[in-house]
Amino acid sequence: MTRKLTGVSLLVCLAALSPGHSTAAPVAQLSPLAIPGTATDSAEDAPVRTQVLTRAELEQRHSRNLNEALSLVPGLYLREIHGKEGQELWIQGLDADRVLILIDGERPAPTTGSSVDLTQIGVLDIERIEIIRGATSALYGSSAMGGVVNVITRQPESGFNYQLEAEIGSYDDKGVGNAPHTHRLGANLSGRSERFNYRLTADRRHDDGFILFPGATSQHGHRITHTNLSGRFGVDLNDRWSLELRPSYSEEDKRQPYRTQPGGAAFDKLETVESHRLSGALRYDRGDGGTGLLRLSGERFDNRVENNARLTDHRESVRKASLDSHALEIQWNEPLSDRQLATLGAGENTSACASSMHKPTATAKPP
């Protein structure tokens, strides 16, 4: 089955910015934030309530992926994706189809339908997470009726910088196999000169899974490995124009053993998910608050699921699915006064998906 979808959107947004804080008492100054609800550059200019999770909070919680980072945020409902080992986000009673996930303002490919699997997004390269509850459809369309989660990645730093991280853990007597049952390895390199900047990140997370009670017909925690590779390369063409290129790759390799009933036939469910993405952005900064953006992106998403009988070479079923998506975005921000900002933008999204499922013929193992 093959399906192709094409969408075009045009937006005009006028935001009334909040008044400045009183100067009667000294206040702490925050670092500039890019607020997805207004496309402005300062948190105190945002007319909508925005919650921010900082990198320090992510490190304090020892979060390994976006799902774990959001799990302790009040008012967010995380639930398992139907038919898949993964987590999606609901906000204010609206399902994942109406909650928009962004990475530096870009939309990642959905895992199933419109749902983005939060466990596939690592936190090693995340600087902060911005959460908006409530409709922001004026900027993002109907997919943001419930809210927006915008993941902001770390900027390249001056000079030459590197970081290495390693973690191990266990599930005690609930873990499958010998401890350690989990591990994580991460590394990044970054640098910035007068005109050029770059950042490279690699993150690998492995989990052997766990069994809640003896004699269970299936393993509750899957044996799963996530791999994320990303790059960021930028150049300042002059004082006003800049160009950026971002390649990325992610992979999920998962295995779940199960039985049809206690003492019954043993099966293995194998699933592989791969994503290749490339995006480029041209930015303009007039110097007085007027900014422009032209962004192109393309992504290839592949999913393969097998159910295999352990005692034979028989594959009970094989399902394949793929999604090719491309996006074009144009945006201009124009300050009308000290308290008003007009945003004009247009975008086009195209996607083509294909899927197949078949049951191969059984083949007995030789004696």
Side-chain angles (χ1 to χ4, degrees), residues 7-54 75 91-92 94 98-107 127-153 155 234 236-244 281-297 327-349:
V8 180
S9 62
L10 176 68
L11 66 90
V12 178
C13 181
L14 181 64
L17 307 182
S18 60
H21 297 288
S22 171
T23 57
V27 295
Q29 296 297 319
L30 300 178
S31 302
L33 300 177
I35 302 301
T38 61
T40 60
D41 295 327
S42 176
E44 58 186 20
D45 290 338
V48 292
R49 179 174 178 266
T50 303
Q51 182 177 0
V52 178
L53 290 179
T54 65
I91 297 180
Q92 299 187 151
L94 294 176
R98 297 293 177 259
V99 176
L100 183 61
I101 306 297
L102 300 173
I103 300 178
D104 288 327
E106 300 184 30
R107 308 185 186 203
E127 178 64 26
R128 64 183 182 276
I129 302 171
E130 300 169 350
I131 305 167
I132 290 183
R133 296 174 175 83
T136 53
S137 302
L139 283 176
Y140 299 109
S142 60
S143 58
M145 292 176 62
V148 177
V149 174
N150 191 22
V151 176
I152 306 298
T153 60
Q155 293 284 342
D236 295 329
L237 304 177
N238 53 41
D239 293 340
R240 296 189 177 184
W241 292 91
S242 63
L243 183 64
E244 187 175 66
L282 179 65
R283 291 182 170 84
Y284 174 79
D285 188 346
R286 197 173 57 196
D288 60 355
T291 60
L293 169 68
L294 171 64
R295 178 157 51 203
L296 296 169
S297 63
L328 167 66
E329 178 186 357
I330 302 174
Q331 181 177 307
W332 179 260
N333 301 316
E334 181 66 32
L336 303 181
S337 68
D338 293 339
R339 295 180 57 190
Q340 289 183 318
L341 177 72
T343 298
L344 174 66
E348 180 177 4
N349 298 275

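Residue numbers run from 1 in the order of the sequence given.
Note: L293 CG to T343 OG1 = 11.5 Å, rounded to the nearest 0.5 Å. Rounding to the nearest 0.5 Å gives a distance of 5.0 Å between CG of L102 and CG of N150. Note that OG1 of T50 and CD1 of I132 are 4.0 Å apart. Values are rounded to the nearest 0.5 Å. Note that CD1 of I330 and CG of L296 are 8.5 Å apart. Values are rounded to the nearest 0.5 Å. How far CD of E348 is from CG of L328: 6.5 Å, rounded to the nearest 0.5 Å. To the nearest 0.5 Å, atoms CG (D285) and OG1 (T291) are separated by 6.5 Å.
Here R133 pairs with nothing under the salt bridge (charged side-chain N to carboxylate O under 4.0 Å, His left out) rule; sequence neighbours left out. Considering only residues two or more places apart in sequence or on other chains, D104 meets the salt bridge (charged side-chain N to carboxylate O under 4.0 Å, His left out) condition with R246. Residues satisfying the side chain to side chain donor-acceptor pair (under 3.5 Å) test with E329, not counting sequence neighbours, are R295. Residues forming a side-chain contact (heavy atoms from CB on, under 4.5 Å) with L94 (at least two apart in sequence, or on another chain): R98, M145. Applying the side-chain contact (heavy atoms from CB on, under 4.5 Å) test to S143 and every residue at least two apart in sequence or in another chain returns L100, R107. Under the rule for a salt bridge (charged side-chain N to carboxylate O under 4.0 Å, His left out), the partners of E334 that lie at least two apart in sequence or sit in another chain are R286.
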Could you check R283 against E244 for side-chain contact (heavy atoms from CB on, under 4.5 Å), going step by step and ending with a plain yes or no? CA-CA 8 Å; R283 291 182 170 84; E244 187 175 66; 3.5 Å; yes
Mind running side-chain contact (heavy atoms from CB on, under 4.5 Å) on T153 and I103 for me, showing each step along the way? CA-CA 8 Å; T153 60; I103 300 178; 4.2 Å; yes
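When atom types are taken as modelled, the side chain of N333 and the backbone of G290 share no donor-acceptor pair closer than 3.5 angstrom.
Between G146 and I91, the closest heavy-atom pair is O-CG2, 3.3 Å. Closest approach of E106 and S297 over heavy atoms only: OE1-CB, 4.2 Å.
Taking the side chain as every heavy atom from C-beta outward, E130 and V149 never approach each other to under 4.5 Å.
Between Y284 and W241, the ring planes lie tilted relative to each other; the angle falls in the 30° to 60° range.
Environment of CG in D239: sparse, with no more than 12 heavy atoms of neighbouring residues, nucleotides or ligands closer than 6.0 Å.
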